[in-house]
Amino acid sequence: MKFNFIYDDRIELEMPVIYVPIEQWNPEETAEFFDKTQGISSKIPAKIHEFDKRYMKKYEELQHQPEMFFEIMEELNDLSGKISELNVLYLRIEGTFLHAGGHF
């Protein structure tokens, strides 16, 4: 097996895993891999939007429950990490950053 796709529970998407350099793949393997990664990258903007909405909801919750600061900040940090991981995955697949103007 030259590559695989493993579901990542944290970002709720599959992650590509490469075991053999792409230069050693045949054209069918290359096409299969890139087709699958394009499908994944097409889901990333919606997933970021979903995590961003969760983030904003938690942020508003923090405004109304300051006594829960540490618990809510932990959740906000986790959501920020997920958004960052998705942005890096998109960059690795597409070779460019997602272009967005602020919050989705």
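Just so it is clear, the values below take in all heavy atoms, side chains as well, and ignore hydrogens, waters and symmetry mates.
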Are the charged groups of Lys47 and Glu50 less than 4.0 angstrom apart, N to O?
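Yes, charged N to carboxylate O under 4.0 Å.
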Supply the atom-to-atom distance [X] [atom1] to [Y] [atom2], rounded to the nearest 0.5 angstrom.
X: Ile40; Y: Leu86; atom1: CD1; atom2: CG; answer: 11.0 Å
X: Ile72; Y: Leu79; atom1: CD1; atom2: CG; answer: 11.5 Å
X: Ile18; Y: Phe33; atom1: CD1; atom2: CZ; answer: 4.0 Å
X: Met15; Y: Tyr7; atom1: CE; atom2: OH; answer: 12.5 Å

Ignoring hydrogens and geometry, is there a side-chain-to-backbone donor-acceptor pair from Asn87 to Ile83 under 3.5 Å?
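Yes, Asn87 side chain to Ile83 backbone: donor-acceptor pair under 3.5 Å.
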Taking Trp25 for the side chain and Ala31 for the main chain, is one N or O donor matched with an acceptor at less than 3.5 Å?
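Judged by distance alone, no pair lies under 3.5 Å.
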Decide yes or no on side chain to side chain contact (heavy atoms under 4.5 Å, CB included) for Phe5 and Thr37, but give the supporting numbers first.
CA-CA 9 Å; Phe5 293 88; Thr37 56; 3.8 Å; yes
For residues 74-85, which residue pairs qualify under salt bridge (charged side-chain N to carboxylate O under 4.0 Å, His left out), counting only residues two or more places apart or in two chains?
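Counting only pairs at least two positions apart or across chains, the salt bridge (charged side-chain N to carboxylate O under 4.0 Å, His left out) contacts touching residues 74-85 are Arg10-Asp78, Arg10-Glu85, Lys58-Glu75, Asp78-Lys82.
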Residue pairs fulfilling salt bridge (charged side-chain N to carboxylate O under 4.0 Å, His left out) with at least one residue in residues 25-34, sequence neighbours excluded:
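Of all non-adjacent pairs touching residues 25-34, those that pass salt bridge (charged side-chain N to carboxylate O under 4.0 Å, His left out) are Lys2-Glu29.
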Between Gln38 and Glu94, a side-chain donor and acceptor under 3.5 Å
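There is such a pair (donor and acceptor under 3.5 Å, judged by atom type) between the side chains of Gln38 and Glu94.
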May I have the step-by-step check of side chain to side chain contact (heavy atoms under 4.5 Å, CB included) for Leu76 and Tyr55, ending in yes or no?
CA-CA 6 Å; Leu76 289 173; Tyr55 183 95; 3.6 Å; yes
Are Leu98 and Ile11 connected in the hydrophobic side-chain network, where two residues link if heavy atoms are under 4.5 Å apart?
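Yes; Ile11 is reachable from Leu98 via cluster members.
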Which atoms form the tightest heavy-atom contact between Leu62 and Phe69, and what is the distance?
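Where Leu62 meets Phe69 most closely, the heavy atoms are CD1-CA, 3.7 Å.
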Any idea which heavy atoms bring Leu13 and Ile44 closest together, and the distance?
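The pair with the smallest heavy-atom distance is CD1-CG1, 3.8 Å.
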